[in-house]
Number of protein chains: 2
Amino acid sequence: MRSYGQYCSIARALDVVGDRWTLLIVRELLMRGPCRFTDLKNGLPGIAANLLSGRLKELEDAALISREDAPPPIATTLYSLTENGLALEPVLKALGLWGLQYMAVERPDDAFQAQWLAYAPAWFTTDADPDAPPAVIQLVASGEQAVIEIGEGQVRTRTGRAADPDLVLDGPPRVVLGLLTGMIDISGATQIGLTVSGRPDLLTRLRPIVEDQAAARRT
Amino acid sequence: MRSYGQYCSIARALDVVGDRWTLLIVRELLMRGPCRFTDLKNGLPGIAANLLSGRLKELEDAALISREDAPPPIATTLYSLTENGLALEPVLKALGLWGLQYMAVERPDDAFQAQWLAYAPAWFTTDADPDAPPAVIQLVASGEQAVIEIGEGQVRTRTGRAADPDLVLDGPPRVVLGLLTGMIDISGATQIGLTVSGRPDLLTRLRPIVEDQAAARRT
DNA sequence: CCGGATCCCCAGGGATACTG
DNA sequence: CAGTATCCCTGGGGATCCGG
């Protein structure tokens, strides 16, 4: 990217990560951990291979990612975030929180992946009852699956299935995520396609961080 | 900007504010308040008029800014942030904090403005001694002037001159900002061009938020 | 099949000039 | 002052091809 040529830390940051796709590459590496080229390409539907290749070189030059040749049995190169790349997490959190308002509309050709189902509760909800026993919620949306583990005041998530969840939420991505982020309540959610099985009372433990939504509602 | 087509709040946010110049326009409006077209153009050295015009239309369509015709005596249109535009402040803060590391090098043709001198202490430092009496620091760098007012646990800033500052810092932008954000100490700063007059002890009251710098140093 | 490199085409950005 | 119009050119999107 052409530099903005401004001695301002925001402009400087955008000089480095302001290019198209760049922050989404960081998002992929942040949520999935070390990735192969093809993993990244699959996780970023729509990106051209040459563009991904070029971005990875730029990010490596900027010391945001590092490439390492995996040990013999795997024999592939893995890309992973450096400490400086990891330090972009607050930026992605702030962007993701602000962008929640645009999740109300879901277009039919939107891509959707399990990681994106997982990071929202991990980043944008807290455990409202830290003293309660641990609990596990299974999420299913558009065939993508993720697990929320609540306990000790923490909300952790991962992709995949849980062995014995206390609660299963299944429905369109917009409904599942809308419920978790506090944009829809559970009665509304079941009316527009959510299937609930297990202990719906657990949902009261997940307290959404509704910073800007609350601000918007105040107007 | 072409949509990423992903049902992910980060991608959605970037669909709206990921275009070149867009976040810097928000930065200008956030720091300067309501602006005229020409104010924005002057505050964004290097932007083309047609591009600014186009971005303002897009931002208005996205309800991040609003245009209002100022009352008769002024007879011009003012652009200002809507509440949703103001909600981008955490994004700019996170970006600006992460970008501080790139302020160590200053290129000779970098543009520099008083607002950028002012926001760094306001966003990235805290008052380490809330019970101490109020104090005023005058900043001067490359002819640009800003004022820091510390008091009651708050660090407020504005551009311009103070009537009777307790401390005056004058030097190259890199040195003044490096000192305020904790990247240089005062003895180092005076060696590379900082002029100090008044009470340098006030600097101990400004505690930099050195989140990522501290993390980088730990390695 | 993985990890790219190459090529072509077009939208979007940059610079300048011009107008109400 | 507040934009619009124009031209040029870079950089992104898409497909294909190639070496390991």
Side-chain angles (χ1 to χ4, degrees), chain A residues 1-6 11 14-25 28-29 32 34-62 65-80 109-111, chain B residues 1-6 11 14-26 28-29 32 34-62 65-80 109 111:
Chain A
M1 165 176 277
R2 188 192 175 116
S3 168
Y4 286 109
Q6 301 184 357
L14 291 174
D15 281 346
V16 180
V17 298
D19 267 317
R20 184 160 166 82
W21 290 108
T22 299
L23 279 176
L24 293 186
I25 294 172
E28 274 320 282
L29 289 170
R32 301 166 78 121
C35 283
R36 297 176 301 175
F37 185 90
T38 311
D39 297 330
L40 289 171
K41 184 148 172 43
N42 292 337
L44 297 167
I47 197 171
N50 58 349
L51 197 47
L52 176 56
S53 171
R55 287 286 183 274
L56 290 173
K57 256 190 275 292
E58 294 171 15
L59 286 172
E60 192 185 359
D61 289 344
I65 67 174
S66 65
R67 60 193 305 156
E68 38 182 330
D69 295 329
I74 310 182
T76 184
T77 65
L78 287 178
Y79 297 90
S80 55
D109 54 347
D110 273 341
Chain B
M1 163 176 279
R2 186 190 178 120
S3 169
Y4 286 108
Q6 301 183 358
L14 291 173
D15 280 347
V16 179
V17 298
D19 268 315
R20 185 160 167 81
W21 291 109
T22 299
L23 279 176
L24 293 186
I25 293 172
V26 174
E28 264 338 88
L29 289 169
R32 302 165 76 122
C35 285
R36 298 175 302 176
F37 186 89
T38 310
D39 297 330
L40 288 172
K41 185 150 171 40
N42 293 337
L44 297 166
I47 196 172
N50 59 350
L51 197 45
L52 176 55
S53 170
R55 287 286 183 275
L56 289 172
K57 257 190 274 291
E58 294 171 15
L59 286 171
E60 192 184 0
D61 289 345
I65 68 175
S66 64
R67 60 194 306 158
E68 37 183 330
D69 295 330
I74 310 184
T76 183
T77 66
L78 287 178
Y79 296 90
S80 55
D109 54 346

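Here is the naming used below: chain letters follow the sequence lines, and residue numbers restart at 1 for every chain. The basis for the numbers below is simple: all heavy atoms, side chains too, and nothing from hydrogens, waters or symmetry mates.
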Asks: Separation of Glu58(A) atom CD from dT10(D) atom C1', in whole Å?
Replies: 14 Å
Asks: Using atom CG of Leu51(A) as one end and atom C1' of dT6(C) as the other, report the distance to the nearest whole Å.
Replies: 15 Å
Asks: Nearest whole angstrom, please: distance from the P of dG12(D) to the CG of Leu56(A).
Replies: 14 Å
Asks: Which atom names give the shortest non-hydrogen contact between Gly5(B) and Asp15(B), and what distance separates them?
Replies: N-OD2, 4.5 Å
Asks: When the axes are fitted on five pairs at both termini, how much does the helix from dC1(C)-dG20(D) to dG20(C)-dC1(D) curve, in 10° steps?
Replies: 30°
Asks: Which donor-acceptor pairs under 3.5 Å do side chains of residues 37-55 of chain B form with protein atoms, sequence neighbours excluded?
Replies:
from	atom 1	to	atom 2	distance (Å)
Asp39(B)	OD1	Arg36(B)	NH2	3.4
Asp39(B)	OD2	Arg36(B)	N	3.0
Asp39(B)	OD2	Arg36(B)	NE	3.3
Lys41(B)	NZ	Ile47(B)	O	3.1
Asn42(B)	ND2	Thr38(B)	O	3.2
Arg55(B)	NE	Arg20(B)	O	2.9
Arg55(B)	NE	Thr22(B)	OG1	3.3
Arg55(B)	NH2	Arg20(B)	O	3.2

Asks: Compare every heavy atom of Val16(A) with every heavy atom of Ala62(A), then report the nearest pair and how far apart it is.
Replies: CB-CG1, 4.1 Å
Asks: Could you grab the distance from atom CH2 of Trp21(B) to atom CG of Leu56(B), nearest 0.5 Å is fine?
Replies: 13.0 Å
Asks: By ring-ring contact (aromatic ring centres under 6.0 Å, His included), which residues pair with Tyr79(B), not counting sequence neighbours?
Replies: none
Asks: Does the side chain of Tyr79(B) get closer than 4.0 angstrom to OP1 or OP2 of dG3(D) through an N or O atom?
Replies: yes
Asks: Give a yes/no answer on whether the side chain of Arg36(A) brings an N or O atom under 4.0 Å of OP1 or OP2 in dC1(C).
Replies: no
Asks: Taking side-chain hydrogen bond (donor to acceptor under 3.5 Å, both in side chains) as the definition, give me every residue that meets it alongside Glu58(A), ordered by chain and number, with sequence neighbours left out.
Replies: none
Asks: Round to a whole Å and report the spacing from CG of Leu24(A) to C1' of dG12(D).
Replies: 14 Å
Asks: To the nearest 0.5 Å, how far apart are CD in Glu28(B) and CZ in Arg32(B)?
Replies: 5.0 Å
Asks: Only counting residues at least two apart or in another chain, list the ones meeting side-chain hydrogen bond (donor to acceptor under 3.5 Å, both in side chains) with Asp19(A).
Replies: none
Asks: Are any of Arg2(B)'s side-chain N or O atoms less than 4.0 Å away from OP1 or OP2 of dG14(D)?
Replies: yes
Asks: Is any side-chain N or O of Thr38(B) closer than 4.0 Å to OP1 or OP2 of dC1(D)?
Replies: no
Asks: Look at Arg55(B) and dG14(C) and indicate whether a side-chain polar atom (N or O) is within less than 4.0 Å of OP1 or OP2.
Replies: no
Asks: I want to check one thing: is the phosphate of dG12(C), taken as OP1 and OP2, less than 4.0 Å away from some side-chain N or O of Trp21(B)?
Replies: no
Asks: According to side-chain hydrogen bond (donor to acceptor under 3.5 Å, both in side chains), who are the partners of Arg2(A), at least two apart in sequence or on a separate chain?
Replies: none
Asks: To the nearest angstrom, how far is Glu60(A) atom CD from dG4(C) atom C1'?
Replies: 14 Å
Asks: Can you figure out which of dG4(C), dA2(D), dG14(C) approaches the side chain of Arg20(B) most closely?
Replies: dG14(C)
Asks: As an exercise, state the distance from OG of Ser80(B) to CD1 of Ile65(B), rounded to the nearest 0.5 Å.
Replies: 8.0 Å
Asks: Anything under 3.5 Å between a protein N or O and an N or O of nucleotides 4-7 of chain D, put it in a table, one pair a line.
Replies:
from	atom 1	to	atom 2	distance (Å)
dT4(D)	OP1	Lys57(B)	NZ	3.4
dT4(D)	OP2	Ser53(B)	OG	2.4
dT4(D)	OP2	Lys57(B)	NZ	3.4
dT6(D)	O4	Asn50(B)	ND2	3.0

Asks: Once you round to the nearest 0.5 Å, how far does OG1 of Thr76(A) lie from CD of Glu68(A)?
Replies: 11.0 Å
Asks: Closest to the Thr76(B) side chain: dG4(C), dG13(C), dA2(D)?
Replies: dA2(D)
Asks: Write down the distance between CG (Leu52(B)) and P (dC1(D)), rounded to a whole number of angstrom.
Replies: 14 Å
Asks: For residues 39-48 of chain B, which residues have at least one heavy atom under 4.0 Å from DNA chain C?
Replies: Gly46(B), Ala48(B)
